[in-house]
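Only one structure is covered here, and it is reproduced in the block below.
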Number of protein chains: 2
Amino acid sequence: MNKISPQIKFLIEHAAITTKLHKQIDICLSYQGISFTEFLIMHHLYGSPQHMMRRTDLADSIGITASGVTRLLAPMEKNRIVDKERNPRDARQSLVKLTQTGQQLYRDSMVGFADFSKNKLKSWTVKEIETVAQLFQEI
Amino acid sequence: MNKISPQIKFLIEHAAITTKLHKQIDICLSYQGISFTEFLIMHHLYGSPQHMMRRTDLADSIGITASGVTRLLAPMEKNRIVDKERNPRDARQSLVKLTQTGQQLYRDSMVGFADFSKNKLKSWTVKEIETVAQLFQEI
DNA sequence: GAGATATGCTTGAGTAGTCAAGGATAAGAC
DNA sequence: GTCTTATCCTTGACTACTCAAGCATATCTC
């Protein structure tokens, strides 16, 4: 059998590790009743001006499609975690805004997530994290 | 707003990058009519003695559940990419074996995947790849 | 300012898994 | 040998998306 390059090996191993990692994150966040994807949505909204973003930008920042965003936000709107706002300049757009409830839920979830992150990456130095982050930016 | 630790930032950014990466891999492999998960299954079978593995080990090596393996393998058995074999020592187990057809399909898919991997990680040195791989092993 | 084209979002239908329960077999305790 | 417990796999019901199509609105060309 042909030699497997380091690049191939890495992508394959990385896929399995990442899948397992995301399952652990989901378990960690399930205590607050949310999924990792919902957490990511709240995170990006929380960090935006007026806690508000366009749906397509939100989709891009978490790596899913626009239709995925529509489906994800439907229950979050019902639970008043996010609100729909119109853009007066462009009637095609509908902006998403994190409500007060959503902001509090985000802060609460962040406690567990911060703990998890710290623990999970405890064997990586901050310098290593930054180096790896930089490398991933380049791909 | 509270300070976001490097660990938190990394996990969030890494999630988005990984999601996009896996979609690109799926597109790359779709020319051979297979998904990344199917490729991973073939990869692990190909590298095993007699191209054969237990279903639970297969599940663990790619990071999905046993029931996920059952569902994934069903169409692959129908297409004669893998075969079901019994373990004479333990009637509970059913082993999965990569057929000749499956081996050829794997080698064919590997051409495109190798190209993709090389191109995708072209800005990483081999040393960097190995360092990052090592770090991911530790989490 | 009318027509063509592009953008933003949602929808119906489909796919790739998950989980919890269950059936079959195996292994350990006595 | 029988009872309990553990392991391996599959199944029904569900979730979290994807894609292609479509509607509404905006923008660009002339």
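Quick note: numbers below take in every heavy atom, side chains included, and nothing from hydrogens, waters or symmetry partners. Each chain gets a letter, A, B and so on, in the order the sequences are listed, and its residues count up from 1.
Residue A:A66 is in base contact, counting any heavy-atom pair closer than 4.0 Å across all strands shown. A:S67 comes within 4.0 angstrom of a base, heavy atoms only. Using a 4.0 Å heavy-atom cutoff across all strands shown, B:T70 reaches at least one base atom of the nucleic acid. Within the 4.0 angstrom heavy-atom criterion, only backbone atoms of the sugar-phosphate kind lie near B:T37; the bases stay farther away.
Phosphate contact (OP1/OP2 of C:dC9, side-chain N/O of A:R54, threshold under 4.0 Å): absent. In terms of phosphate contacts, A:S35 brings no side-chain nitrogen or oxygen within less than 4.0 Å of OP1 or OP2 of D:dT15. Distances shorter than 4.0 Å separate some side-chain N or O of B:K84 from OP1 or OP2 on D:dT10.
Look at CG on A:D26: it is 11 Å from C1' on C:dT18, rounded to the nearest Å. Rounded to an integer number of Å, the gap from B:I27 CD1 to D:dT18 P is 12 Å. When rounded to the nearest whole Å, the span between CG of A:L58 and P of C:dT10 equals 11 Å. Per the geometry, CG belonging to A:N87 stands 10 Å off P belonging to D:dT27, to the nearest Å. Between the CZ atom of B:R71 and the P atom of D:dG12 there is a distance of 8 Å, given to the nearest Å. When the P atom of C:dT10 is taken as reference, atom CG of A:L72 falls 12 Å away, rounded to whole Å. Between A:K23 atom NZ and D:dC17 atom P the separation is 14 Å, expressed in whole Å. Atom CG of B:D60 and atom C1' of D:dC9 are 16 Å apart (whole Å).
At a cut-off of 3.5 Å, with distance as the only test, no side-chain donor of A:Q7 or B:K122 sits close to an acceptor on the other residue. Looking only at atom types and distance, the side chain of A:S94 has a donor-acceptor partner in the side chain of A:R55 under 3.5 Å away.
Listed nucleotides D:dA26, D:dC17, C:dT18 differ in distance to A:R92; the shortest reach to its side chain belongs to D:dA26.
Minimum heavy-atom separation, B:T19 to A:G63: CG2-O, 3.1 Å.
The aromatic ring centres of B:F136 and B:H14 sit less than 6.0 Å apart.
When the nearest nucleotides of DNA chain D are assigned to A:D90 and B:Q93 by heavy-atom distance, the more 5′-ward of the two goes with B:Q93. Each of B:T19 and B:R55 has a nearest nucleotide on DNA chain D; the 5'-most of these lies closest to B:R55.
Comment: A:K120 does not engage A:D115 in a salt bridge, judged by the lack of any side-chain N to carboxylate O separation of less than 4.0 angstrom.
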